[in-house]
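All chains are named by letter (A, B, ...) in the order of the sequence lines, taking the proteins before the strands, and each is independently numbered beginning at 1.
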Amino acid sequence: MSILVVLESQADGLKRTSCEAITAAVDVAGGAAVTGIIFNGSQQHLAMAGAYGLTTVLNVSGDEWSAHPSARMAAAISEAATKVGATLVLFGANSTGKNIAPRVAVRLSAGFLPDCVALHGSASAIEATRPVYAGKALVNVKSTTSTTVATLRPNLFTAKNVGGSAAASEAFAPSQTSSLPSLQVTNVTRNEGQLDVSEADIIVSGGRGLKGPEHFNLVENLAKSLGAAVGASRAVVDAGWRPHREQVGQTGKTVSPTVYVACGISGAVQHLAGMSSSKIIVAINKDKDAPIFSVADYGIVGDVFEVLPRLTTAISAVTGKN
Amino acid sequence: MNILVCISQVPDTTTKVAVGADGTSINPAGVKFILNPYDEFAIEEGLRLREKHGGSVTAVSVGPDSVKEVLRTALAMGVDTAIHIKDDLRADSFTVASSIAELAKETSPELVIFGRQSIDFDSFALPSMVAELLGWADIPMVSALTVEGSNITAESDIEGGKNSVSCALPCVISAQKGLNDPRYPKLPDIMKAKSKPIAERAASSAQPRVATTSMTLPVSKRLNKVLGDSDADVQELVRLLHEEAKVI
């Protein structure tokens, strides 16, 4: 009985979702061992994995893994899970986790619990809470087999740096996976110079209340004062004011930032589906009856054209950013 | 090329959700069911690929008899055949994936297309589960694609950017918003679709691997502190964020 945590690297260390998964694993482990697995992990990754509580990380090395071949990574992770006797395998519910975890669940004959917002129980009898129907209901789900594969919704589990020393790296060479289907990643395009809503800690989103794309500088300026990413409602994306990658909501991205500021967004259920698990929600809207206020912690009933410039100045005075 | 498009029937997003008598699923009374919005992109892409490369498009849906409604929508949009895999509504993606994979093993499509997610359970699980069961590659969140010979190249959305990827057919893809502009079925086609045959097929004998133990409605714990728009109110909001919520 043990837990395997799938770790994802980025330029400056482990992804935050991976650190969150480590803490979540340690919290439910009881006496069970918690092991990490990483592809081409560096000393920096091992140091960070240790700091968040792992003592051992299986390290899979080789250039072929840098192209993220999902079927082969799933096979390697499954083999590692079997090797360590994992009854629970945890991923962050980002694009990689969402894609690979279902394959791992199939390979391990495991129950698959996606997009969990809370874990209960122990490594051998895990139960998870997850939102369904766009967050209008919550279900508790559990595996009916002996193994569970779960993905954790980003920013819902707190990553705790426990100050541990670097995790030991154990080389892990999966058996031949070259017969598995391959996928060549020929190019990776980053949206340079902008923070993505799915990775941001603070998001400032604008909606139809901005009245036109030329007024989005009000949203961008507020975002700058907070060091935030800019998001958008479906209405303004469909109108062509903002790119689809900024869209928050059911047909865009599901986000759970620490702070979500909705500017001139009424709060249609499709939008709420994408942001209602944010920690603190702030709404600015001139309609006091707008549904967004029912999910808001703090709100200002007022015209975004009047309020946003003053709010930006006031926030800059606190954060020193502008 | 022969294409299998997998579609589902989901509650309309604006529908109110109530917990059913079993305590683990929704009460379907009064719920309006629709074609999963992302599946419209999947059907459209299948039709466009057929228009370009020939072949046929089959739509499949797994569920109770009511899913015939979304299969009729697919027929009205122009798919060649529709298959209903008869199954109870279950929250376990593995059994659904098994039913679809068994069909694909028999019919050998070159491409299986899903919508990127089904908006009822939002699991994002079926495309790569089906690919794993078939031993195929899969490309998630596809916002552009080209098929040339037996090869597919696509743009796959990731956090903060996109991957350009390619792989050999057969493969599974999931359609992202932006892949295309789905057509609206025309009234004569909607009428014709009503009398078209829908093949029926038994579900896989695979057993569920997940059980739902309870369903509840979320309880809002929001503070709901709503202020006016005076300068003092703006300053108070900043103070609350700084001192009470401690987030700035």
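Ion pairing between B/Asp231 and A/Arg310 holds under the 4.0 Å rule for side-chain N and carboxylate O.
With sequence neighbours excluded, the residues forming a ring pair (Phe, Tyr, Trp, His ring centres under 6.0 Å) with A/Phe305 are A/His215, listed by chain and number.
A heavy-atom distance below 4.5 Å is not found between the side chains of A/Pro102 and B/Glu132. At least one side-chain heavy atom of B/Thr15 sits less than 4.5 Å from a side-chain heavy atom of A/Lys136. Side-chain contact between B/Thr14 and A/Gln270 is present, with at least one heavy-atom pair separated by less than 4.5 Å. Between B/Val226 and A/Val301, some side-chain heavy-atom pair lies under the 4.5 Å cut-off. Under the 4.5 Å side-chain criterion, counting only non-hydrogen atoms from C-beta, B/Arg239 is not in contact with A/Val318. Counting heavy atoms from C-beta on, the side chains of A/Tyr133 and B/Val10 never come closer than 4.5 Å. Side-chain contact between A/Ile280 and B/Leu241: present, with at least one pair of heavy atoms (C-beta onward) separated by less than 4.5 Å. Residues B/Val165 and A/Gln184 form no side-chain contact, since every pair of their non-hydrogen atoms from C-beta on lies 4.5 Å or further apart.
Within the 4.5 angstrom heavy-atom criterion, atoms from both the backbone and the side chain of B/Ser166 approach chain A. Within the 4.5 angstrom heavy-atom criterion, only backbone atoms of A/Ala110 (N, CA, C, O) approach chain B. In this structure, no portion of B/Glu155 lies under 4.5 Å from any heavy atom of chain A. B/Ile119 touches chain A through backbone and side chain together, each having a heavy atom under 4.5 Å away. In this structure, chain A has a heavy atom under 4.5 Å from the backbone of B/Asp12, while its side chain stays farther away. For B/Ala131, the parts lying near chain A are the backbone and the side chain together; criterion is any non-hydrogen pair under 4.5 Å. Contacts between B/Pro11 and chain A at a heavy-atom distance below 4.5 Å involve the side chain alone, from C-beta outward.
Your options are A/Leu195, A/Thr319, A/Val188, and the one with the most heavy-atom pairs under 4.5 Å with chain B is A/Val188. With chain B as partner, the option from A/Ser294, A/Ala273, A/Gly302 having the largest number of non-hydrogen pairs under 4.5 angstrom is A/Ser294.
Contact annotation for residues 281-293 of chain A against chain B (heavy-atom separation below 4.5 Å, listed by residue number): A/Ile281, A/Val282, A/Phe293.
In this structure a side-chain-to-backbone donor-acceptor pair under 3.5 Å is present from B/Asn224 to A/Ala296. Judged by distance alone, with hydrogens and angles left aside, the side-chain atoms of A/Thr144 form a donor-acceptor pair with the main-chain N or O of B/Arg209 at under 3.5 Å.
Under the 3.5 Å distance criterion, with hydrogens and angles disregarded, a donor-acceptor pair is assigned to the side chains of A/Gln247 and B/Lys177. The closest side-chain donor-acceptor pair between B/Glu159 and A/Ser198, if any, does not fall under 3.5 angstrom. In summary, the side chains of A/Gln250 and B/Thr13 do not present any donor paired with an acceptor at a separation below 3.5 Å, with no hydrogens or angles considered. In the model, A/Asn99 has a side-chain atom that pairs as donor or acceptor with a side-chain atom of B/Asp138 under 3.5 Å.
Partner of A/Tyr298 under the side chain to side chain donor-acceptor pair (under 3.5 Å) criterion, out of B/Glu236, B/Glu244, B/Arg222: B/Glu244 alone.
A cation-pi arrangement is present between A/Lys98 and B/Phe124, with the terminal nitrogen or guanidinium carbon under 6.0 Å from the aromatic centre and inside a 45° cone about the axis.
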